[in-house]
Number of protein chains: 2
Amino acid sequence: MLSRKELFKDTLKKAAHAWKRIVELRLTEEEANLLRLYVDQPGYVDLHWGMFVPAIKGQGTEEQQKKWLPMAYKFQIIGCYAQTELGHGSNVQGLETTATFDPSTDEFVMHSPTLTSSKWWPGGLGKASTHAVVYARLITEGKDYGIHGFIVQLRSLDDHSPLPGVTLGDIGGKFGSGAYNSMDNGVLRFDHVRIPRDQMLMRLSQVTREGKYVHSDVPKQLLYGTMVYVRQTIVADASKALSRAVCIAVRYSAIRKQFGSQDGGPETQVLNYKTQQSRLFPLLASAYAYRFVGQWLKWLYTDVNQKLEAKDYSTLPEAHACTAGLKSVTTSATADAIEECRKLCGGHGYLNSSGLPELFAVYVPACTYEGDNVVLLLQVARFLMKTVSQVAAGKQPVGTIAYMGNIQHLMQCKSAVNTAEDWLNPAAIKEVFEARALRMAVNCAQNISKAPSQEEGFSELSPDLLEAAVAHVQLIIVTKFIEKLQEDIPGPGVKEQLQKLCSIYALHLLHKHLGDFLSTGCVTARQGALANELLGKLYAQVRPNAVALVDAFDYTDHYLGSVLGRYDGDVYPALYEEAWKDPLNETVVPDGYQEHLRPLLKQQLKLSRL
Amino acid sequence: MLSRKELFKDTLKKAAHAWKRIVELRLTEEEANLLRLYVDQPGYVDLHWGMFVPAIKGQGTEEQQKKWLPMAYKFQIIGCYAQTELGHGSNVQGLETTATFDPSTDEFVMHSPTLTSSKWWPGGLGKASTHAVVYARLITEGKDYGIHGFIVQLRSLDDHSPLPGVTLGDIGGKFGSGAYNSMDNGVLRFDHVRIPRDQMLMRLSQVTREGKYVHSDVPKQLLYGTMVYVRQTIVADASKALSRAVCIAVRYSAIRKQFGSQDGGPETQVLNYKTQQSRLFPLLASAYAYRFVGQWLKWLYTDVNQKLEAKDYSTLPEAHACTAGLKSVTTSATADAIEECRKLCGGHGYLNSSGLPELFAVYVPACTYEGDNVVLLLQVARFLMKTVSQVAAGKQPVGTIAYMGNIQHLMQCKSAVNTAEDWLNPAAIKEVFEARALRMAVNCAQNISKAPSQEEGFSELSPDLLEAAVAHVQLIIVTKFIEKLQEDIPGPGVKEQLQKLCSIYALHLLHKHLGDFLSTGCVTARQGALANELLGKLYAQVRPNAVALVDAFDYTDHYLGSVLGRYDGDVYPALYEEAWKDPLNETVVPDGYQEHLRPLLKQQLKLSRL
């Protein structure tokens, strides 16, 4: 309930306090990250640690790292990541900011030639950062060499005022009452601002003293490791956000009662209603599914890095497609799921004290940042089309696309499922998800091949390609869930519960996308009905453990921040108490009564024409 | 960017000013409603005119109307509608507030016996209203006669302070930065508050001076007319909200360019991308579809009222199911669609200046108020199950369920569609939508009949019943769109464009719910693929007129409230200018720099242990 300025100031305070504690307690990097996670409010430090420092690490030379990183590590400078512009987001190659080399002074001239070239959105830019990694078109010897990164000082280290030629500001209010309004997403314009040549990030390419553009011998594939890392984090965050929302909705559904009383007896917990279960339990299952696929991505990141060090770039395209797809599918589904959880809490979910409106507002940008979800799915689709043609040429695919090598079988197999319980068999699930994904990809490839050109076909078929990409990514998530359950799971009965959730996750997708499975002939209408029948039984089996399955996420009430999701279930007194904290309740008679209500009620509005 | 108190005060001011203008200009009721629509901010007047006055009109005796309505019409009193409680929303029969008749004083004693019986959510209750229609359990002669309405004064007409025994407050912040935070949704508790007996709304039943409970001879069906009216308004509002969002997204998609440049040429308008079209044009089609079904509902309301006056109650159940279903389906789809439009605007859609975050936050409660959307669909489903059994017994259904009488044909027909263009035929569309809806309903009925009891079966099958209800409601919307296009449509070429939108509306549903159509055997996989193929062609045909089709909604820039949706398309300068209005930009160096940023940067944080 703070104003924008108060909220921002408060965030600066929290950030400084968190840093003080990190230093005092001599926390490791990992511990410091955890502490920031629990501060749980977007702020400039996220970009400083999450983008500015990694950009210098990844794209700076050793010398540059030596110069800049110690200052960043000590917060002598605060950095942000200035890539997107008013007129350009996803299409990085279309950015307009220029960095023109002036050999007469050995400097780059940073300039914003148009309004649309204004840097726009970078977090921490508007008010907090002293420095930025700025992406701009490198121009030297009259030639445009495309987008490169530059370290640019923006504000005075003495009094924080913008340096000459630099225009800086906040881009204004955003979704939600808190959410990203604690972040100073900013605008930046350059009017011929000069920086020394050595502030170009020169690990992959350099401009020489004379102005020659030269590539270094560092392979650019090295940068992909960072991308895999960032997206792995995003998938893990999706699981976190979704499990928070599900925890609130499940707990409150066990407390809330509606209808079902006969003769004035107690009403029914809404968690017992099949309609509530059929909407909520697939989301609970998804929270676990994303957690497991996130763990697997962590392994993939290590694997990719090892291969990069051994100069083996063969699996990079697959790793890239896989992480892009998982980022897209998990964040889109999580955003929708948080809002669904809010609706599942009925009217009270609309109150900020439920925690859900803010959880939604702060989460949804994940669908757009670090790669727009639709753009990413198209990249996955492009990779799938390439794989289909490679498989046709006899190449054996590996990793998450290995199943496509099984094309002979998967193009014609028929599911052997004959009873509802047959769907409990992971092999039966895996086969139909593989067949569906492959057949959709092959259908697209065939339709594209009928078009006048590959590009035209790809563009015309793009809505279908999105669906094929989603089918492929869902298969990955289902497969990783199944594989997780082939491991040892400690705790009596835990694996059995997770198996039920795994079945629910897969079968609710089968039901939701039944059109895909039926139209590609992967399942029959009867098998689809059997899957649906089993789902109903599984919901009943999960019901008694539903609250335990969200308690297992182990979130404190403080971190959940929801009166509806309280661990002790004492929801209504908490809701009631919370209400009185609203500033409107500071007075019994509201501000404005004398001016705007009383004259109305007393028929004393001054009318101009009566 | 106002604080909660400022926002609320500002809303009081706007409401008083609007009322002043309404009086000065001697506006009719309809004109006054329009003026309030363009004020476009939730406030106490909505409930005063939309719920308090209609409740007295509908449930008050003539004498009561004569006493209370003139005061309400002149705003000598401000009224709200106090139904929902902290512990009870949808289940009105479970409300706990009591109104106990005391024959010794000829009064009702209003009381809140528990915390959960606190009235909770009523708009206008928290701070503005002087009176309320309160719903409470009527108890007389020791017997509980269930829920009835009572007119209760809450605040002093002298100084606006709560009357003795009345506790009043605001229930706190809600979704969004503005949205419903301009409304004083309130909490109300009674501690044995006495009101005269004649403040019970007595049109349908009375308590006599001696405390006898008696029914009047007014049939309670008369109340249904109001419900049909309110829901018709909600469907019309869905079309309005959706068309605003679509207008913003379509216009900005024509301005925004990304990718597609070859050799530095101009980039492609995102509206030209098939992925954008396939997400956006079905929403454009839906906005028109809801508008036409809303117009038809207006007719239905008149028809229902005429029949009520003639004491013909035969079509009431159908009218009730139809309006309940349309309210549910159109509001759910609209909420999702606004958020989809926001995402379709990329990152900038997340800024409040885009207008979309607030449009979403202010719209979503429509999914919950006036009947939770899931609860309403279950009512539709119950009606469908009844109809199926009546049809089986030879009864001929009428109105929106007339198609169910055609059961012989619809249970076994096979679509004759053989080319993509065959799907342009409205009869082909109507047949498969009718067959799908009927077969899903019949499937449910058959599965329910296998259960130990009807109630148990209904409960177990409820997730399937929801899907059957949606199929039925979508059929109604498709049918009314088709019927609208059988009328004369003025303007050259207008009908042709609407026909394309009608096809898009129906076929995108067919594609989205392909599993329904395939599993019930209404279409074949090949016919489904043909529908999808035609959709792609239709998108290309709508593209050149897309901007004209949203301009046709005729919204002013002021009403749209979106820099992205500007009529002149001059988006980027407007975005840039808007940013500087944020309070954070009042100073170049932010509040908090001296306290929380400078000490950090200067390594002068006071650490406790270093």
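Each chain gets a letter, A, B and so on, in the order the sequences are listed, and its residues count up from 1. Heavy-atom basis, side chains included; hydrogens, waters and symmetry copies ignored.
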Handout entry: Portion of A/Ile77 that has a non-hydrogen atom of chain B nearer than 4.5 angstrom
Key = backbone
Exercise for the section: Quick one: which of B/Gln276, B/Arg342, B/Arg526 has the most heavy-atom pairs under 4.5 Å with chain A, could you say? Expected result: B/Arg342
Problem - Side chain / backbone / both / neither for A/Lys14 at chain B, heavy atoms under 4.5 Å - result: neither
Handout entry: Main-chain N/O of A/Leu584 paired to B/Lys127 side chain as donor or acceptor, under 3.5 Å
Key = yes
Handout entry: Spacing of B/Glu6 atom CD and A/Ser3 atom OG [to the nearest 0.5 Å]
Key = 8.0 Å
Completion exercise
Honestly, the part of A/Thr368 sitting under 4.5 Å from a heavy atom of chain B is side chain
Practice task
Among A/Asn352, A/Asp464, A/Asp144, single out the residue with the greatest number of heavy-atom pairs under 4.5 Å to chain B.
Solution key: A/Asn352
Problem - From A/Glu339 atom CD to B/Cys367 atom SG, the distance as rounded to the nearest 0.5 Å - result: 7.5 Å
Practice task
Measure up the B/Phe175 and A/Phe175 rings against each other and bin them: parallel (under 30°), tilted (30 to 60°), perpendicular (over 60°).
Solution key: parallel
Exercise for the section: Evaluate the ring planes of A/Trp121 and B/His348, with Trp represented by its six-membered ring, and classify them as parallel (under 30°), tilted (30 to 60°) or perpendicular (over 60°). Expected result: parallel
Problem - Test ring-ring contact (aromatic ring centres under 6.0 Å, His included) applied to B/Phe360 and A/Phe360, step by step - result: CA-CA 12 Å; B/Phe360 181 75; A/Phe360 182 74; 5.7 Å; yes
Handout entry: Engaged part of A/Val588 at the chain B interface, taking heavy atoms whose separation is under 4.5 Å
Key = both
Fill in the blank from the handout: Applying a strict 4.5 Å limit to non-hydrogen atoms, the region of A/Glu460 in contact with chain B is both
Practice task
Measure A/Ile171 against the heavy atoms of chain B and call it side chain, backbone, both or neither at under 4.5 Å.
Solution key: both
Handout entry: Interface moiety of A/Tyr369 toward chain B, non-hydrogen atoms closer than 4.5 Å
Key = neither
Practice task
Under 4.5 Å heavy-atom distance to chain B, tell me which part of A/Leu86 shows up: side chain, backbone, both or neither.
Solution key: both
